[in-house]
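Working notes for the structure below.
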Amino acid sequence: MDEFTYRDGSLWCEGVSLTSVANRFGTPTYVYSANTLIDHYRRFAKAFDAVNPLICFSAKALSNVHLLRLLGQEGAGIDAVSGGELHRATVAGIDPERTVLAGVGKSEDELRDAVRRKIRCINVESEAEVELLSRIAREEGERPRLAIRVNPDVAPDQRTPARTTTGTRGGKFGVDIERAAALFAHAAADRSLRIEGFHVHLGSPIFDPQVYATALDRLLGLVARLEAEGHRITTLNLGGGFPAEYVDRTAPSWDDFAEVIVHRLAGFRRGGGQVIFEPGRTIAANAGILLSTVRYLKQAGDQQLAVIDAGMTHLARAAMYDSYHFMWPVLPPAEAVPVSRDVSGLAGLTAYDVVGPICESSDYLARGRSLPVLAAGDHLAIFTAGAYGMTMTSNYNSQLRPAEVLVQGDQVTLVRRRETYADLVALELLDTSDHRDG
Ligand code: LLP
């Protein structure tokens with residue numbers, strides 16, 4: 001279920017018209033549908049029900065504390081990748097028992113923070129990190145639980161961008177699978193640590209369920225080998241990477257993934273093992289849009305350009321990864337009200353390059369995109385922006401970060417106000433006399 005729908009000729013989020021949101025809060029603004037987010041979480045959980053997983057929502061995809069709290073109320077935990085995200089989890093009221101921490105370069109402070117919070121699992125990514133964690137554990141008088149992030153050397157499918165592929169040999173993430181057993185045994189012998197299992201994250205997004213099957217088979221081989229040596233493995237974390245629909249009907253369903261994953265984990269579950277998932281995109285992407293406004297229309301050579309108020313600082317994905325985001329006017333002409341994202345049959349479309357206001361040639365949100373004829377002042381909705389949208393914004397060009405609005409039914413809540421010029425310089429207005437040398 002995706003609660004951004006055209007009704008009576010204009011775009012609504014649940015029971016709220018997006019024209020009214022744009023008029024009330026201005027643009028660019030991220031708008032989230034609470035019911036879509038909750039529905040996706042519940043349906044993901046249902047698909048994997050048979051393995052009773054701990055589902056730690058990946059906060060890097062969407063980290064607003066109001067939305068994390070909503071997911072927490074549904075039973076979700078948090079996959080954090082920094083002290084900042086651990087802090088967000090705490091503010092959102094997420095139980096440390098449902099919080100995991102990953103990251104290839106955690107600082108000593110971040111690890112100490114996680115140890116003090118007694119979180120469910122710290123996913124370590126190197127031998128050196130195990131040593132550091134062990135020292136911190138002794139200093140703190142704690143016995144943290146950890147898993148080893150393994151690089152299973154599994155190539156993702158062809159549609160996973162190289163820049164978001166994580167589980168292939170030579171990459172920076174995790175420990176090579178052939179060294180993982182030795183590191184496990186080393187950590188198991190360390191009385192200050194509680195080593196529980198393994199973690200993998202293969203890339204994002206992954207469209208082929210078979211990629212998970214291959215990685216899981218390698219992990220289970222590792223588990224069998226260690227169990228034969230007398231070790232007990234109680235946690236297997238399969239990470240995130242499950243896709244979202246950016247176009248229409250191109251992504252496999254959660255059931256398709258469950259079909260290859262669940263039966264492989266039956267034996268592990270019978271032995272009392274805990275399965276963890278860290279989905280981000282698949283839950284959040286279609287629960288949010290970026291609402292923008294057309295500022296200018298202009299001709300550039302043979303191209304029609306629509307210059308809008310949202311650019312790469314507000315939604316980085318197109319400029320960074322050439323990602324496709326469906327976009328459409330909030331109030332299209334009557335003959336161009338879409339019923340799906342396949343708009344090829346609609347009349348009166350024109351090809352636009354959709355660009356933002358940033359001084360960078362890569363600041364394109366779309367090239368040659370078929371859209372209804374646009375006019376300055378039109379509101380344009382950029383879809384599937386709920387994941388890696390707001391979390392990847394920046395202040396480059398001293399742009400202000402967008403507002404975030406949460407809709408549930410006919411209720412609208414401002415969950416993050418738009419930044420102001422005062423916010424832009426707030427951290428710079430220090431008393432510099434304190435910082436002069438000498
Ligand atoms: N777990 C770990 C350890 C991760 O590194 C990630 C994402 C996830 C879970 C969640 O993955 P998801 O379920 O959302 O696919 N900025 C890129 C995506 C980078 C993903 C980084 N890691 C984008 O906009 O496509």
Side-chain angles (χ1 to χ4, degrees), residues 53-54 56 58 77 79-82 86 99-108 110-112 114-115 118-138 142-154 165-203 211-212 214-241 261 264-265 268 271-278:
L54 170 59
C56 293
S58 195
D79 156 40
V81 76
S82 65
L86 276 184
T99 302
V100 298
L101 177 68
V104 70
K106 302 175 203 77
S107 71
E108 179 166 341
E110 286 173 323
L111 282 172
R112 196 177 296 278
V115 168
K118 304 186 202 308
I119 67 166
R120 174 68 180 72
C121 195
I122 299 172
N123 296 315
V124 297
E125 303 221 14
S126 64
E127 286 84 351
E129 190 184 346
V130 172
E131 294 316 309
L132 176 57
L133 184 61
S134 172
R135 170 165 70 72
I136 293 170
R138 277 177 268 122
E142 296 284 349
R143 277 190 79 210
R145 289 166 285 179
L146 67 150
I148 295 169
R149 177 166 178 177
V150 171
N151 179 345
D153 191 19
V154 175
T165 291
T166 43
T168 49
R169 195 171 172 75
K172 75 169 184 173
F173 298 102
V175 174
D176 292 340
I177 192 158
E178 57 275 16
R179 296 207 316 277
L183 184 56
F184 187 100
H186 173 79
D190 186 332
R191 302 255 305 277
S192 54
L193 300 175
R194 276 185 286 173
I195 176 89
E196 298 201 331
F198 296 103
H199 172 228
V200 285
H201 172 74
L202 306 168
V211 174
Y212 286 86
T214 308
L216 189 47
D217 288 342
R218 289 188 190 168
L219 266 193
L220 290 170
L222 188 60
V223 169
R225 190 178 139 196
L226 281 160
E227 283 182 344
E229 292 169 14
H231 294 288
R232 198 164 134 64
I233 283 75
T234 53
T235 298
L236 282 183
N237 181 337
L238 298 186
I261 292 174
R264 286 183 158 81
L265 289 167
F268 176 70
Q274 174 71 62
V275 177
I276 302 178
F277 291 115
E278 301 173 336

Subject >> Heavy-atom check, side chain of P152 versus side chain of L219, under 4.5 Å >> reply: no

Subject >> Gap between atom CG of L133 and atom CG of L193 - 0.5 Å precision >> reply: 5.5 Å

Original post:
From K172 NZ over to E125 CD, what is the distance, rounded to the nearest 0.5 angstrom?
Top reply: 8.5 Å

Subject >> CG on D79 to OG on S58, rounded to 0.5 Å >> reply: 4.0 Å

**OP:** Could you list all the side chain to side chain donor-acceptor pair (under 3.5 Å) pairs where at least one residue sits in residues 175-187, not counting sequence neighbours?
**Re:** E127-R179, E131-H186, R169-E178, D176-R179

Subject >> Note, L222 side chain near F184 side chain (heavy atom, < 4.5 Å) >> reply: no

**OP:** Walk me through it: do F173 and H201 pass the test ring-ring contact (aromatic ring centres under 6.0 Å, His included)?
**Re:** CA-CA 9 Å; F173 298 102; H201 172 74; 7.9 Å; no

Subject >> R264: salt bridge (Lys or Arg N to Asp or Glu O under 4.0 Å) partners, not counting sequence neighbours >> reply: D217

Original post:
How far apart are the closest heavy atoms of G171 and N151, and which atoms are they?
Top reply: N-ND2, 4.2 Å

Subject >> Residues in salt bridge (Lys or Arg N to Asp or Glu O under 4.0 Å) contact with R112, at least two apart in sequence or another chain >> reply: E108, E139, E140

Original post:
Which heavy atom of I122 sits nearest a heavy atom of P144, and at what distance?
Top reply: CD1-CB, 4.2 Å

Subject >> Residue pair A114 / L101: nearest heavy atoms and the distance that separates them >> reply: CB-CD2, 3.8 Å

**OP:** Working to the nearest 0.5 Å, report the span between CG of L146 and NE2 of H199.
**Re:** 12.5 Å

Subject >> For E110, all residues meeting salt bridge (Lys or Arg N to Asp or Glu O under 4.0 Å), sequence neighbours excluded >> reply: none

Subject >> Nearest atoms (heavy-atom pairs only) where I119 meets T99 >> reply: CB-O, 3.5 Å

Original post:
F268 versus L216: any side-chain heavy-atom pair under 4.5 Å?
Top reply: no

Original post:
Who pairs with S192 by side-chain contact (heavy atoms from CB on, under 4.5 Å), at least two apart in sequence or on another chain?
Top reply: S134, A137, R138, D190

Original post:
Under 4.5 Å between any side-chain heavy atoms of T235 and R120, yes or no?
Top reply: yes

Original post:
Who passes side chain to side chain donor-acceptor pair (under 3.5 Å) against Q274, sequence neighbours left out?
Top reply: none

**OP:** Would you mind reporting whether I148 and I195 have side-chain heavy atoms less than 4.5 Å apart?
**Re:** yes

**OP:** May I have the step-by-step check of side chain to side chain contact (heavy atoms under 4.5 Å, CB included) for L265 and L238, ending in yes or no?
**Re:** CA-CA 11 Å; L265 289 167; L238 298 186; 4.2 Å; yes

Original post:
Which value, rounded to the nearest 0.5 Å, describes the distance between N123 atom CG and F198 atom CZ?
Top reply: 11.5 Å

Original post:
Taking it one step at a time, do E129 and L111 satisfy side chain to side chain contact (heavy atoms under 4.5 Å, CB included)?
Top reply: CA-CA 9 Å; E129 190 184 346; L111 282 172; 3.6 Å; yes

Original post:
Can you tell if the side chain of D153 reaches within under 4.5 Å of the side chain of R218, non-hydrogen atoms only?
Top reply: yes

